[in-house]
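Notes for the one structure printed next.
Each chain gets a letter, A, B and so on, in the order its sequence line appears, and its residues count up from 1. Atoms considered below: every heavy atom in the structure, side chains included; atoms not considered: hydrogens, waters and symmetry mates.
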Amino acid sequence: MTTYFLRRALGAVAVVLVLSAVVYVTFYVAPGDPARLACGPRCNPEQIRQVREQLALDDPLLVQYWHFLQGVFTGQDYSAGTAVLHCDAPCFGLSYQNNQQVTDMLVERLPATASLAVGAMVVWLAVGIGTGLLSALRRGGATERVLTWLTLAGTATPVFISGLVLLMVFCAYLEWLPFPSYVPLTEDPEQWAWNMLLPWVALGLLESAKYARLTRSSTLETLAEDHIRTFRAYGVPERSLVARHALRGALAPVIALTAADFGSIFGGAVLTEMMFGLPGIGQLLVRSTQTIDLPVVVAVVVITGAAVVIANIVADVLYAVADRRVALR
Amino acid sequence: MTADLQPLVSVTDLSVAFPSEGGVVRAVDGLSFELAPGGALAIVGESGSGKSTAAYALLGLHRGTGAEVTGSVRVAGHDVSAADDAELRRVRGGAAAMVFQDPLSSLDPYQAIGDQIAEVHRVHRPGASRRDARARAVEVLGRVGIPDAARRARSRPHEFSGGMRQRALIAMALACEPRLLVADEPTTALDVTVQAQILDLLRELRAETGMGLILVTHDLGVAAGSVDDLLVMKDGRAVERGPVRTVLDAPDETYTRDLLAAVPRVNVRRTVLRKPTGVGSSGGPSGGPSDNTALLEATGLRREFGRGKRAVTAVDGVSLTVRAGETVGVVGESGSGKTTLGRMLVRLLEPTGGELRYRGRDIGTLRERELRAFRSELQMVFQDPVSSLNPRRSIGESIADPLRAAGKLGDAEIVARVRELLERVGLDPGAYHRYPHEFSGGQRQRVGIARALAPEPRLIVCDEPVSALDVTTQAQVVRLLGELQRDLGLALVFIAHDLAVVRQVSDRLVVMRGGRIVEEGPADSVYEQPRDPYTQGLLAAVPLLEPAGAAA
């Protein structure tokens with residue numbers, strides 16, 4: 001068990017390292033001049049040259065990457081004018097744009113994204129598994145047809161449409177909810193929940209369509225298995241068949257997909273964050289990509305990668321707990 | 001008790017029809033039979049005869065599947081056809097319990113076996129506490145011969161062997177003291193020695209509890225030793241029924257006679273096919289092939305799977321010689337390494353150790369490119385004729401594949417050769433453009449044989465070539481292999497778990513266990529005077545049609 005986690009942790013670190021290297025190379029060869037963008041439109045060539053020197057952009061790729069790794073593992077010192085700025089490990093460097101510490105920018109924005117991810121996951125699991133089970137049990141009936149249609153419509157509607165509709169209906173027209181503005185959980189849990197409700201629902205519903213279809217098909221598959229027939233032949237009522245025997249097997253693929261989706265929300269839920277004005281990581285990513293703010297982009301990619309990898313490890317452990325035949329090694 | 005005067009099971013004019021695209025398929029067609037309390041009846045028949053469908057109807061298992069069930073089914077005083085869902089649930093497991101064919105897939109893989117039995121117990125004894133139900137589970141597990149039942153009740157199905165799983169399923173059936181046990185091919189997935197144990201257990205339980213038994217099986221030998229009455233089914237109808245000895249010894253119907261004639265007997269010598277000009281008509285190795293040169297020679301062949309601590313040795317130092325034109329039978333129980341051996345002989349697997357010589361040349365360590373020259377001479381026929389043919393290609397294309405791979409013939413010649421091969425294995429040469437699903441199991445196996453014959457091999461390894469087939473089809477395919485061998489001088493390695501089938505084809509016999517050869521010799525002498533205790537046990541476990549064996 002310990003060796004298992006050790007091996008998985010090493011694997012996770014390797015994946016994240018490779019990811020960061022790929023981003024470095026991509027930005028190094030990509031067109032555009034970060035120094036010019038950081039300096040602003042009024043800079044003359046001499047100023048741009050100074051900025052470039054300050055950001056160490058003329059160093060070879062490997063040296064730049066090495067400095068980045070050093071910062072992550074040991075911290076780094078930066079000269080800002082006359083003062084020396086110390087950046088503790090894990091240090092992802094300073095933003096090219098405003099010399100802010102990237103680590104601080106991330107820490108600032110993580111809560112909003114994490115709130116969104118956890119809440120949306122709860123919504124998509126509840127709605128997705130619920131509808132999936134219902135349509136599996138009512139297969140061939142009108143209920144199933146309606147549910148299939150609804151989930152299809154759900155997948156086909158982009159979040160900026162469904163989000164807009166939700167905002168218009170619940171905030172503008174019915175006035176049941178305030179227009180969302182992010183309130184940190186630590187400040188006021190109740191306001192936090194009310195303000196997050198619409199983003200959760202918008203993103204959760206979008207994802208839940210996929211989960212409904214997956215749950216439906218895997219439940220039907222499990223219900224056709226021989227061991228279900230055994231318990232049916234021993235008079236076990238249909239409801240217990242599903243709850244006690246079919247569900248466990250049917251949820252295995254759902255767990256796997258959840259892990260991947262949950263991880264990718266860290267950095268990937270750009271549209272939802274924009275739509276509802278959430279100060280999250282997705283927003284940060286878009287802005288820093290436009291300005292070729294390499295330290296920020298790398299940090300976001302590393303965080304997203306780490307989230308996906310960790311979520312997958314959690315999923316594998318859940319797998320093994322659900323099915324004792326799976327050995328963790 | 002007036003209930004005991006009534007038959008335990010009474011089926012009248014039962015029909016089960018499945019609506020399908022091509023019209024309605026009548027799986028059971030006007031079937032009637034009765035079973036007295038405590039009686040035992042076997043329903044036998046080939047695949048598609050409707051025997052399992054009829055058994056399922058006893059527990060109303062067709063309800064909700066879209067099947068149309070007509071006629072009347074009464075079990076232990078319940079009218080199954082008219083019962084509402086609640087009553088049906090009481091019948092299922094409470095009055096009549098079912099044991100299924102595949103004991104692994106028939107148990108919930110996620111839950112402890114004891115909990116599964118306890119759950120069934122509580123369905124039928126709503127007053128029972130969890131603790132009582134668990135205790136009952138341990139009790140029945142002990143009763144069916146699971147050692148250390150209290151501890152093993154906490155195991156999950158994958159931690160049990162095949163035989164123990166089937167015992168666990170039987171324990172589940174016993175949990176609620178049903179009056180009828182319906183067993184659908186309960187031993188088909190098991191090794192012959194385990195099969196004998198399970199059949200013994202069923203006999204004991206019947207004597208002890210007085211419950212009735214309906215045994216569905218394709219194996220007349222299994223039926224012969226286990227029941228009082230026999231019902232032979234064909235195409236959904238009862239062909240013949242009566243006391244088991246009467247039906248087996250003096251069948252009235254032609255169909256029953258043909259069926260019995262097709263059953264391979266482990267205690268009957270092989271009839272050897274000879275060329276019309278040949279001399280011997282039957283006999284052992286003396287009448288065997290005249291060509292005595294060794295074609296394939298394995299020495300100390302070894303194969304491991306996995307690495308390090310988890311390495312498993314599937315074949316462990318096997319030495320074997322196959323001469324041109326002879327048939328070597330390889331028998332063994334599951335896990336004995338016989339399939340691994342067969343695959344190494346044709347180099348579908350690379351041996352981990354040992355030497356493999358084909359016509360004097362070491363082919364055991366050759367790389368794929370160097371092997372190609374030998375591929376056409378060493379062919380294989382696989383067990384499952386369904387999955388070993390590509391469903392998306394016509395059978396003609398499948399047979400042509402090895403010819404195209406050899407690259408010697410032009411397109412027109414290949415087509416001509418395939419048509420010739422189809423005819424050779426007894427199929428219509430015009431079937432070139434038809435697809436596997438249009439053929440029956442036996443016909444598909446003929447296609448598999450034609451494919452193996454295509455590149456004109458000298459040796460064919462047949463891995464369980466007939467175990468997925470009905471006895472009459474089995475007999476035909478075995479006869480075809482014999483003819484091909486006689487006409488083409490092929491060497492055959494015939495791998496099977498069925499000792500009777502192997503006897504009907506083999507010149508020499510190899511008995512495997514745990515990756516090693518435990519006994520080897522001329523087939524008849526091994527069958528008649530087995531020296532190794534393991535071979536003796538294996539042969540003793542084979543169910544016989546004749547009363548002497550059945551009584552033993």
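Inter-residue side-chain proximity for E119(B) and F231(A) is flagged as met; some heavy-atom pair is nearer than 4.5 Å.
Taking CZ from R232(A) and CZ from R63(B), the interatomic distance works out to 13.0 Å, rounded to the nearest 0.5 Å. How far CG of D108(B) is from CG of D226(A): 12.0 Å, rounded to the nearest 0.5 Å. Rounded to the nearest 0.5 Å, atoms CZ (R89(B)) and CD (E238(A)) are 9.0 Å apart. Interatomic distance, CE of M172(B) versus OG1 of T230(A), reported as 7.0 Å (0.5 Å rounding).
There is no contact between A86(B) and chain A, counting heavy-atom distances below 4.5 Å. For E159(B), no part sits under 4.5 Å from any heavy atom of chain A, backbone or side chain. Residue contact with chain A, scored on non-hydrogen atoms closer than 4.5 Å, is absent for L104(B). Only the backbone of L107(B) comes within contact range of chain A, with heavy atoms under 4.5 Å apart.
Residues A233(A) and F100(B) come closest through the heavy atom pair CB-CZ, 3.7 Å. Between L169(B) and Y234(A), the shortest heavy-atom distance links the atoms O-OH, 3.9 Å.
Residues R229(A) and Y56(B) have side chains that bring a donor and an acceptor to within less than 3.5 angstrom of each other.
Within residues 15-24 of chain A, no residue has a heavy atom under 4.5 Å from a heavy atom of chain B.
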Legend entry - Chi angles and distances behind the side chain to side chain donor-acceptor pair (under 3.5 Å) call for H227(A), Q111(B): CA-CA 11 Å; H227(A) 67 267; Q111(B) 291 185 16; over 6 Å; no
